[in-house]
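Source: prediction; values computed, not measured. By convention in this document, chain letters (A, B, ...) are assigned in the order of the sequence lines, proteins followed by strands, and residues within each chain are numbered from 1. The figures here come from the full heavy-atom set of this structure, side chains too, leaving out hydrogens, waters and symmetry mates.
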Number of protein chains: 2
Amino acid sequence: MAEPEHEALQERKRGSGVKRVYELLRDEILDLKLPPGSPIDEVHLAERFGMSRTPIREALVRLAGEGLVETLPNRSAMVSNIDFVNLHTFFDAITLMYRVTTRLAAQYHRPEDLDRIRALQVSYAAAVDAQDALAMVAINRDLHAAIAEAGRNPYFTTLTLRLLDEGRRILRLYYQSFDDRLPREYVDEHEAIIAAIAARDVDLCDRLARAHADQIVRQVQQFFARDQRMNVAL
Amino acid sequence: MAEPEHEALQERKRGSGVKRVYELLRDEILDLKLPPGSPIDEVHLAERFGMSRTPIREALVRLAGEGLVETLPNRSAMVSNIDFVNLHTFFDAITLMYRVTTRLAAQYHRPEDLDRIRALQVSYAAAVDAQDALAMVAINRDLHAAIAEAGRNPYFTTLTLRLLDEGRRILRLYYQSFDDRLPREYVDEHEAIIAAIAARDVDLCDRLARAHADQIVRQVQQFFARDQRMNVAL
DNA sequence: GCGCGATTTCTTGTCGACAAATAAAATGCA
DNA sequence: TGCATTTTATTTGTCGACAAGAAATCGCGC
């Protein structure tokens, strides 16, 4: 019998329910705590969070809108699968978004954007030094999200965020394969990109972002190519 | 007293309610029948569609996810405003998506894609000949959507669709300014793009798509620059 | 023992109702 | 009369319940 999530026997405020379950469910999906393909039972979640099915439902609809859960009519929703067959479409998209958002950041960033980006870069380097792969993945997402924000194009920012989140699941599979020796080179590449943004050098940003993305893509592809899990997951 | 939408006193099937109200509401927003900024009353919609508030609510959540309605906590949802100040971000985004999806279409299209695209192009030319601006806008959307589909990258396709829909509202304002003499040149440009896709000429696709997008952007920008409505809407 | 249909169970989709939160109206006071 | 405060009214957010659809179970005939 699942307890109603320790702290919250009562709801704190009126609109907080959906937000809580949305964010937590989201995190659990992206952290692979809820494995792709696993079914999602509404009543189960309702008792777990100690609330009615209505707010659960709304959270699921939102997650479905972002492609994180799939819903079939009259059947249980499930955590959406990672499409290994068409993984290249993901790589194409995130490579382009890396390039575009970095270019725009070079054009439109403001001083406070650079402060945020540099602070994240410090955290990123610390995570690499500490060999903390999980933190590294999470901060990498936040770093590129901050760069996208600095570009100030909401359409590109939205797509980039979606790709970064989807990428969190993929990188999770990737980085958990080598628990030691996190690549120091990403830190240097980030450093170069940030410098190019600060210098407002658009072309250099484009080249660096493309090289950065290509490098990640190459490594992840190599990993999936030699890993059996890929074929199993098909 | 609003009648429950003529035909449907009873629901046809179980899951059809949300879909119906979602699509209709969506169309009304994109056709500017529901002007930007107008509030959306849930109970009003509920009686209008002859159903409970629950499915209405779900449709609104979905529309909010696509950015077509904005919701404030404990306050009425409203049709999202068109952000004239940052219109250039929209133009940047749709220009890039035109280029990318057309390139990808050249690479990955299949014969049946070309059939669909050519059929839409015929409809488009017919709409131009008939001086039907509304149909022209709608078919233009479907045509570029079909091109994006042929490119087979769901991330780009999703963003392109969102931009095309948002663009439907903007083009609506634009085209209703001149009711006669619809530009024949767009037909020719489309024709050239389709030929380049069929020839699988990626570079040509890129150039043509960019020129096509730039041309539309230029015209619309000129329109908004000289139109007072822009400043009013700020 | 096994295939196939009926029945039961289980989960979702929808409903009507109630309470919280906000907006609007009315009241009191200077 | 003008402003602050209380009261009312409207609208959302959440709830529990019920019915429809689909999956699982059971029963029956072969």
Asks: Can you tell me how far P of D:dA24 sits from CG of A:D41, to the nearest Å?
Replies: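 So the two atoms are 14 Å apart, to the nearest Å.
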Asks: Report yes if a side-chain nitrogen or oxygen of A:R14 is closer than 4.0 Å to either non-bridging phosphate oxygen (OP1 or OP2) of C:dA19; otherwise report no.
Replies: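 No, no such contact exists.
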Asks: Taking atom CD1 of B:I94 and atom CZ of B:R162, what is their separation to the nearest 0.5 Å?
Replies: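 Going from CD1 on B:I94 over to CZ on B:R162, the span is 12.0 Å.
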Asks: Would you sort out whether A:E166 and A:R26 count as a salt bridge (charged side-chain N to carboxylate O under 4.0 Å, His left out), showing the intermediate values?
Replies: CA-CA 11 Å; A:E166 185 68 33; A:R26 203 181 109 97; over 6 Å; no
Asks: With nearest nucleotide decided by heavy atoms, which residue, A:M51 or A:P73, maps closer to the 5′ end of DNA chain D?
Replies: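 Closest to the 5' end, via its nearest nucleotide, is A:M51.
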Asks: Which is more 5' along DNA chain C, the nucleotide nearest B:E58 or the one nearest B:R53? Just name the residue.
Replies: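 It is B:E58, whose closest nucleotide lies nearer the 5' terminus.
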Asks: In whole Å, what is the span from the CG atom of B:N74 to the P atom of C:dA20?
Replies: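 From B:N74 CG to C:dA20 P: 12 Å.
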Asks: Quick one: label A:S76 by what it contacts on the DNA or RNA (base, sugar-phosphate, nothing), any heavy atom closer than 4.0 Å.
Replies: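 Sugar-phosphate contact only.
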Asks: Given atom NZ of B:K19 and atom C1' of C:dT14, what is their separation to the nearest angstrom?
Replies: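 B:K19 atom NZ is separated from C:dT14 atom C1' by 18 Å.
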Asks: Could you give the CD-to-P distance, from A:E42 to D:dG16, as a whole number of Å?
Replies: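 Rounding to the nearest Å, CD of A:E42 and P of D:dG16 are 15 Å apart.
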Asks: Could you tell me the separation between the NE2 atom of B:H44 and the P atom of D:dT12, rounded to a whole number of Å?
Replies: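 That distance rounds to 12 Å.
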Asks: Quick test of your reading of the model: are B:R169 and B:D31 salt-bridged, counting only N-O distances below 4.0 Å?
Replies: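 Here B:R169 does not pair with B:D31 in a salt bridge, since their nearest N and O are not under 4.0 Å apart.
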Asks: Before accepting this row, confirm whether a basic side-chain N of the pair A:E149/A:R116 lies closer than 4.0 Å to the acidic partner's carboxylate O.
Replies: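 A:R116 and A:E149: not salt-bridged.
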Asks: In this structure, how many angstroms lie between the P atom of C:dT12 and the CZ atom of A:R75, rounded?
Replies: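 One finds 11 Å between P of C:dT12 and CZ of A:R75, rounded.
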Asks: What is the distance, rounded to the nearest whole Å, between atom CZ of B:F49 and atom C1' of C:dC15?
Replies: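 B:F49 atom CZ is separated from C:dC15 atom C1' by 17 Å.
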Asks: Categorize A:I40 for me: base, sugar-phosphate, or nothing, with a 4.0 angstrom heavy-atom threshold over every strand shown.
Replies: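 Touches sugar-phosphate only.
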